[in-house]
Amino acid sequence: MSLANKQSQKILISQFVFTVLICLSSCKKEETKTADIKRHVQNFRNSKSADASNLVELARISKQTLETNKELGLESSNNRVINFSTVIIKNQTEFLEEITKTASSKLIIINGIFKKEKSTDTLNKDALYFDLIERNIEKEISLLQTIKRETTDKEISLFAFTSLKKQNRILEIIRRFKLIILNNENTQIK
C-alpha cells in the first residue's frame with residue numbers, strides 16, 4: 001500500500017472513531033435528559049398526591065369541628081357558648097367551602113366520610129367542647145403549615161397562606177373565649 005492510502009485510512013478511521021464518540025456522548029446526554037424529565041414528572045406527581053391528601057385531611061378535620069359544634073356547642077346550657085358555637089360553625093363552613101373550591105379546581109374530590117370523635121364524659125360539656133374545637137383548629141393550622149411548606153402549586157399555596165392567617169386568628173379567639181367562659185363558670189360555681 002502506498003503512503004497516501006495509509007494516511008487516507010488513518011484519517012477515515014479517526015473520523016469514524018470521532019463520530020462514534022460524538023454519538024455515544026450525545027446518547028448519554030439524551031439518557032440524562034430523559035432521567036431528569038422522569039425525575040421531574042415523579043416529583044410533580046408526588047407533590048400533587050401530597051396536596052390531595054392534605055386537602056382531604058383538612059376537609060375531614062373541618063367537618064369534624066362542625067360536628068363537634070353541632071353536638072356540644074349548640075347543646076350547651078350556656079348561651080354564650082351557643083353564640084360562640086354559631087360563630088365557629090360559620091367560620092368552619094366558610095373554611096370547608098374554600099377547601100372544597102380549591103380541591104375542585106385541582107380535580108380533587110372531597111367526600112363526606114369522616115370519623116366522629118365522641119366522649120362519654122359529659123360532666124363539663126363546655127370544657128370538652130372548647131378542648132375539642134381547639135385541638136381541631138390546631139390540627140388544621142399544622143396541616144396548613146405543611147401544605148404551605150411543601151406544595152409547588154401557587155393556588156394551593158395562596159389558599160394555605162390566607163387560611164393560615166384566618167385559622168390562627170380563630171384559634172386565638174377560641175383560647176380567649178375558653179378562658180373567659182370556663183373561668184366565669186368556675187367563679188359562678190364557687
Side-chain angles (χ1 to χ4, degrees), residues 43-78 80-182 185:
N43 288 343
F44 179 77
R45 285 181 182 156
N46 290 343
S47 174
K48 294 302 175 190
S49 176
D51 289 345
S53 295
N54 288 333
L55 287 173
V56 168
E57 178 65 10
L58 204 53
R60 186 192 66 74
I61 295 169
S62 183
K63 289 176 184 178
Q64 187 177 25
T65 304
L66 281 168
E67 195 64 29
T68 301
N69 270 290
K70 291 175 184 171
E71 290 178 3
L72 294 174
L74 294 178
E75 294 178 7
S76 175
S77 58
N78 186 329
R80 293 173 74 189
V81 172
I82 292 171
N83 291 337
F84 186 75
S85 180
T86 57
V87 170
I88 296 298
I89 287 173
K90 182 179 184 275
N91 166 267
Q92 287 300 297
T93 302
E94 290 172 359
F95 184 53
L96 188 56
E97 288 171 1
E98 290 174 23
I99 294 168
T100 304
K101 180 182 172 187
T102 302
S104 295
S105 74
K106 300 300 173 187
L107 302 176
I108 300 168
I109 299 170
I110 306 290
N111 62 20
I113 300 171
F114 61 98
K115 294 187 287 186
K116 292 182 183 177
E117 284 188 24
K118 295 238 180 192
S119 175
T120 56
D121 180 18
T122 57
L123 293 176
N124 192 348
K125 280 188 173 184
D126 292 344
L128 176 65
Y129 164 74
F130 281 112
D131 289 342
L132 289 172
I133 296 302
E134 183 177 12
R135 189 174 74 218
N136 285 347
I137 300 296
E138 287 172 345
K139 287 179 189 175
E140 289 175 357
I141 289 170
S142 175
L143 203 48
L144 285 166
Q145 289 170 336
T146 300
I147 291 170
K148 185 178 155 215
R149 184 177 54 250
E150 294 178 0
T151 190
T152 57
D153 188 286
K154 288 181 182 179
E155 185 179 346
I156 292 175
S157 180
L158 180 61
F159 160 76
F161 180 73
T162 56
S163 296
L164 200 51
K165 286 184 194 177
K166 290 177 188 175
Q167 295 311 94
N168 274 314
R169 193 171 59 242
I170 289 294
L171 183 60
E172 288 176 25
I173 292 168
I174 289 169
R175 288 178 175 159
R176 272 191 265 137
F177 203 79
K178 176 182 174 181
L179 287 173
I180 291 169
I181 294 294
L182 296 181
E185 285 180 359

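A quick note: this is a predicted structure, and the numbers were derived from the prediction, not measured.
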### Task
Would you please test I88 and Y129 for side-chain contact (heavy atoms from CB on, under 4.5 Å) and show each step?
CA-CA 11 Å; I88 296 298; Y129 164 74; 4.0 Å; yes
#### Entry: Minimum heavy-atom distance N69-S85, with the two atoms named
OD1-OG, 2.9 Å
### Task
Report the relative orientation of the aromatic rings in F177 and F84; use parallel for angles under 30°, tilted for 30 to 60°, perpendicular for over 60°.
parallel
### Query
Has the side chain of S163 got a donor or acceptor atom that lies under 3.5 Å from a matching backbone atom of A160?
no
### Task
Kindly indicate, with the supporting measurements, whether the criterion salt bridge (Lys or Arg N to Asp or Glu O under 4.0 Å) is fulfilled by K178 and D131.
CA-CA 9 Å; K178 176 182 174 181; D131 289 342; 2.7 Å; yes
### Task
Drop me the distance from L143's CG to E57's CD, to the nearest 0.5 angstrom.
6.0 Å
### Message
Measuring from atom CZ of F130 to atom CZ of R175, what distance do you get when rounded to the nearest 0.5 angstrom?
### Response
13.0 Å
### Message
Quick one: does any side-chain atom of T162 pair with a main-chain N or O of F159 as donor and acceptor, under 3.5 Å?
### Response
yes
### Query
Between E134 and K139, does at least one N-O distance fall below 4.0 Å, as a salt bridge requires?
no
### Message
Checking the side chain of N91 only, and the main-chain atoms of V87 only, is there a donor and an acceptor separated by less than 3.5 Å?
### Response
no
### Query
OG1 of T68 to CD of Q92: how many Å apart, nearest 0.5 Å?
9.5 Å
#### Entry: Atom pair CG/CZ of N136 and R60 - distance to nearest 0.5 Å
8.0 Å
### Query
What's the verdict on side-chain contact (heavy atoms from CB on, under 4.5 Å) for T86 and K90, showing C-alpha distance, side-chain angles and the deciding distance?
CA-CA 6 Å; T86 57; K90 182 179 184 275; over 6 Å; no
### Query
Looking at L66 and I89, what are the two nearest heavy atoms and their distance?
CD2-O, 3.6 Å
### Query
Can you check whether S142's main-chain N or O pairs, donor with acceptor, with T146's side chain at less than 3.5 Å?
yes
### Query
So, for I156 and I147, which heavy atoms are closest and what is the spacing to 0.1 Å?
CG2-CG2, 3.5 Å
### Minimum heavy-atom distance I141-Q167, with the two atoms named
CD1-O, 3.6 Å
### Task
Take Q64 and L132, measure what side-chain contact (heavy atoms from CB on, under 4.5 Å) needs, and give me the verdict at the end.
CA-CA 9 Å; Q64 187 177 25; L132 289 172; over 6 Å; no
#### Entry: Spatial distance of atom CD1 (I137) from atom CD1 (I61) [nearest 0.5 Å]
9.5 Å
### Criterion side-chain contact (heavy atoms from CB on, under 4.5 Å) on R176 and I173, from CA distance to verdict
CA-CA 5 Å; R176 272 191 265 137; I173 292 168; 4.3 Å; yes
### Summary
CD1 of I82 to CD of E75, rounded to nearest 0.5 Å, is 9.5 Å
### Task
Verify, without hydrogens or angle tests, whether S62 (side chain) and L58 (backbone) share a donor-acceptor contact under 3.5 angstrom.
no
### Query
Which pairs pass salt bridge (charged side-chain N to carboxylate O under 4.0 Å, His left out) with one or both residues in residues 156-170, sequence neighbours excluded?
E98-K166
